[in-house]
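Notes follow once the structure below has been shown.
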Amino acid sequence: MEERREMAPRYAAAAIEPLIYDRWLASGAFTPSVEPPTGAEPFVIAMPPPNVTGSLHVGHALFVTLEDILTRYHRMRGDDTLWLPGVDHASIAAQFVLDKILAEEGENRASLGRDRYLERMWRFMDETRDVIGLQMRRLGASADWTRNRFTMDPMSARAVRTAFKRLHDAGLVYRGEALVNWCPRCRTTISDLEKVPVEETGTLWTIRYHLARPDGTPDPEQSISVATTRPETILGDVAVAVHPDDDRYRGLVGREAILPFLGRRLPIIADAVVDPKFGTGAVKITPAHDPDDYETGRRHGLAAISVLDEEARINAEGGAFAGLDRYEARARIVDELRAMGDLEDERPHQMVVGHCDRCGTVIEPRLSVGWFVRTQPLAERALASVREGRTRIVPDHFTKVYTHWMENIRDWAIGRQLWWGHRIPAWYCPDGHITVSDIEAGPDACATCGRPAGELTQETDIFDTWFSSGLWPFSTLGWPDDTPDMRRFYPTSVMETGYDIVFFWVARMMMLGLFCTGVEPFHTIYLHGLVRADGGVKMSKTKGNTTDPIEVIEEVGADALRFALTSGTTPGADQRLTLAKLERARNFTNKLWNAARFVLGARPDPLVASDGSPTLAERWIASRLAEATERATKQLDELEMSAYAGSIHEFAWSDYCDWFLEMAKVDLRRPDVTDGERARIWRSSASTLAGLLRLLHPVVPYVTEEIWAGLTEAAPDTTDGQPLLIRAAWPAAGGRDAAADADMAVLMTVIRGVRNLRTESGLPAGAWLPLTVVPADAAAREAIERGLGYLPALARVRPIELRQPGDDAGRPPTVASTAVATAWLGGGEASTEGDTRRASQEAHLQRGIERLQALLAGDFATRAPAELVERERARLAELEAQLRLLVGD
RNA sequence: GGGCGGUUAGCUCAGUUGGUCAGAGCACCUCGUUUACACCGAGGGGGUCGGGGGUUCGAGCCCCUCACCGCCCACCA
């Protein structure tokens, strides 16, 4: 342990934080004890494992902070707490990133081959995994690193195989042909979720198809025109469809048109899918390249002809256009149609085009055979869990989003034609039988015909990354085995993640968790918002407006970043991280530091036994601490992290620093104070500080831990002999002291009134002025009497004359009046400025009085609860009294 | 085309079940070198809570409607 340093006036977060993290790590505090503490409730928080594709951004910092707050809180509560960290292998994203790196090295997937490519990927993973781990630690993540997991580790691989086999056995996965989303650049299938719709202005071309004469040749006189945004796909046309009730085309149904360039005969069919009002009312049918057409083709028994290859070039089916890229082909076809006189129209057209979420390339619907999860049965259970309250979504309004998606869910294409990921554990035998196995080495023989393993070939597709991510809450704990961790830490208490991945991840975890384990994978889904750049725009690397959390930490410290990200937010709502917010948070850590510097520095030496009874300041702050503790506990239990941060900030800054410490100074410096009393007052300061540190530790763990270290030396009895705050107990709320609260309220009112009066009257701020106080009644007088000792220092007044109620003889024009007392300062005449202020104050009072009089004259007085009416009456009386004083009767 | 969220002081945002809720921080104005902190202290100015209706004794908070802003979902060629 480093030597105790002199506390500097500035808190040097960046220098201190790493040392503290090492202390935590060495203490083993992050890892749950081998045996769960007796009687402890389990608390398990789940995090979205970051993609191992690079370093963390400030959005990751947000989830680390929120999860760490809950983890630290529950650990202090004595719960059997686990926060299991890890990373996700992110197949498509990882390959996208690695491909770019390889390109710089003059290599590519093909030049390396599968094995060397994967080798290179593992090296890349090892590097980034370390970076992510270090960043999380720097943020203060008190996660259990002994259980650090990776979605590509053997434990996860086994869970993936098992889950797939069980789904297969249950008939919930199938292999089949379908039109899938294909990214020609990533060269893989992607799910509907990975396809992002982009509004674009394209072109709507109208193309004339000549009708076939009986001999099969095009009729130059007769034609039918179709509208399309994708002329290149006409090469795959197999029919032309019109609406059955469309009189314009009634006579044509059953006849045939001739496909330009290829001469294919296209039956003209009738189908209600056609909107007669759009375009020409006649639609070209291209089953292999359009989802609607695919369905239409199936209904009419039409062939599906693929004309594009995996890189979206025209294939051999395209005749003379073969080999051309889809956009080149489009231009050529349009040109030639125009030359032939068969391009009837060409106009700009607003449309939505699907792009690859990863690389931005326009997605191509592509006919292929692959593996799918039959989602409906799974979704029904996942819906019931939320509907019936076994899993709760916070904030609540996301329940609707979740429900809507689940109710309209479509089968999930889980195969990916990539290399990096879990290979689908299905084997094919030469006779076409499929064997699914959960054994790592694969099946011994074909499950259907018994052909030996040597004759079987494994599926080359890998799983969609989200399939393995979807098993996260239990694949990380040893499932499918019935491990101690499974029994102890499953299901998860709070699943904390961003709302942007509820479908990708949360929904899949719900479905797979329920299927695999039979229970909901988590009790609560807490969704946070996105962190946006200053100005409200989304952060993105291409825009260059990302915030590097480590840079921020080096500037203001991890605590400040954590506090800034936590406070002033609403669950599920986006937030902007501004410099002002970070500075405010940094100032707060500095404030704490200095408060501690004062308390620790004020320790009487020697510190004798305490003597005497607590002062008003001591009793009041104890009462306030009790209230703050109660509130913080409730807020954290209800996952209101922002409100928690705000309320403790308020308690620390206002109650403890601005009021209590200032009053404690008065008590400590009283000339007649005994050593025993001084010791008692100081111990109150220290123990309140200890309580404050405990309450604050979850959100600003470093600075509180550092101060705690000082406290354990200076006042061991306030820290339970616990050298590390991270292991200290969350405080139990003490009792309130109603009498102290009431006295303090009176005193604060008087002090604020006098301070206000000083400024309002234009009296010098630094001057000691005589004060006259006339209490409103005997009770107020007693309260003021009890707090009288604090008045001189806090209001900078002396001497003080405390009169009997009603005795306001010699009252000058400028006074401060409140419900509890009237007071005035001597030693100065009211300035001109004071006069104008008085005028505005008078108007203000007048307005308030009129409003209250109107209120009390109406139905309010008879219909509202009596206590409310009373309260308003009292307010009116007070305002009237103040006005009388102001205008001098 | 549906659905959701937002619109509160100059800025960034809090406002739990309708009744001191009109708030915080920053910014602004005045004052302050009292031995924790100027990354500070004291005081102050500033908002008809997007517009318009309605329910209620009483509405940022509930209902209707309109206007912007943002997001999500969606197969119209």
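The sequence lines fix the lettering, A, B, ..., with proteins before strands; numbering per chain opens at 1. The structure displayed is predicted, hence computed values, not measured ones.
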Report the stems of RNA chain B as range-with-range entries sorted by first number; a stem here is at least three consecutive pairs, Watson-Crick or G-U wobble, both distances under 3.5 Å, and write none if there are none.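 Stem list for RNA chain B: B:1-7 with B:67-73, B:10-13 with B:23-26, B:28-32 with B:40-44, B:50-54 with B:62-66.
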Side chain to side chain donor-acceptor pair (under 3.5 Å) involving Lys284(A) - partner list, sequence neighbours excluded: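 Counting only residues at least two positions away or on another chain, Lys284(A) forms a side chain to side chain donor-acceptor pair (under 3.5 Å) with Thr233(A), Asp237(A), Thr286(A).
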Suppose we screen for side chain to side chain donor-acceptor pair (under 3.5 Å). Which residues come up paired with Glu346(A), at least two apart in sequence or across chains?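 Testing Glu346(A) for side chain to side chain donor-acceptor pair (under 3.5 Å), a comparison that skips the adjacent residues, returns Trp205(A), Arg338(A).
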Closest-nucleotide ordering on RNA chain B, the 5'-leading residue of Phe278(A) and Arg669(A):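 Here Arg669(A) is the residue nearer the 5' end.
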On RNA chain B, check which nucleotide each of Arg584(A) and Gly568(A) is closest to and give me the residue with the more 5' one.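 The residue closer to the strand's 5' end, by nearest nucleotide, is Gly568(A).
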I'd like the [atom1] distance from [M] over to [N], given in whole Å.
{"N": "G18(B)", "M": "C63(B)", "atom1": "C1'", "result": "13 Å"}
{"N": "G5(B)", "M": "C64(B)", "atom1": "P", "result": "12 Å"}
{"N": "G51(B)", "M": "C68(B)", "atom1": "C1'", "result": "11 Å"}
{"N": "U56(B)", "M": "C62(B)", "atom1": "C1'", "result": "10 Å"}
{"N": "G43(B)", "M": "A24(B)", "atom1": "P", "result": "12 Å"}

Scan [X] against the nucleic acid and name what it touches under 4.0 Å (heavy atoms): base, sugar-phosphate only, or nothing.
{"X": "Ser642(A)", "answer": "nothing"}
{"X": "Arg758(A)", "answer": "nothing"}
{"X": "Arg586(A)", "answer": "base"}
{"X": "Lys591(A)", "answer": "base"}

The criterion is ring pair (Phe, Tyr, Trp, His ring centres under 6.0 Å); which residues satisfy it with [X], sequence neighbours excluded?
{"X": "Trp405(A)", "value": "Phe503(A)"}
{"X": "His289(A)", "value": "none"}
{"X": "Trp768(A)", "value": "none"}

Nearest 0.5 angstrom please: Tyr526(A) OH to Arg392(A) CZ, how far?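 Answer for the OH-CZ pair, Tyr526(A) versus Arg392(A), is 10.5 Å.
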Apply the syn/anti split at 90° from 0 to G25(B) and say which one it is.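 Anti, angle beyond 90° from zero.
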Below 4.0 Å: OP1/OP2 of C4(B) and any side-chain N or O of Lys400(A):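 Lys400(A) to C4(B) OP1/OP2: side-chain N or O found under 4.0 Å.
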Presence of Trp405(A) side-chain N/O under 4.0 Å of A74(B) phosphate oxygens OP1/OP2: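 No, no such contact exists.
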Considering only C72(B), A77(B), G43(B), which nucleotide approaches the side chain of Arg752(A) most closely?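 Closest nucleotide to the Arg752(A) side chain: G43(B).
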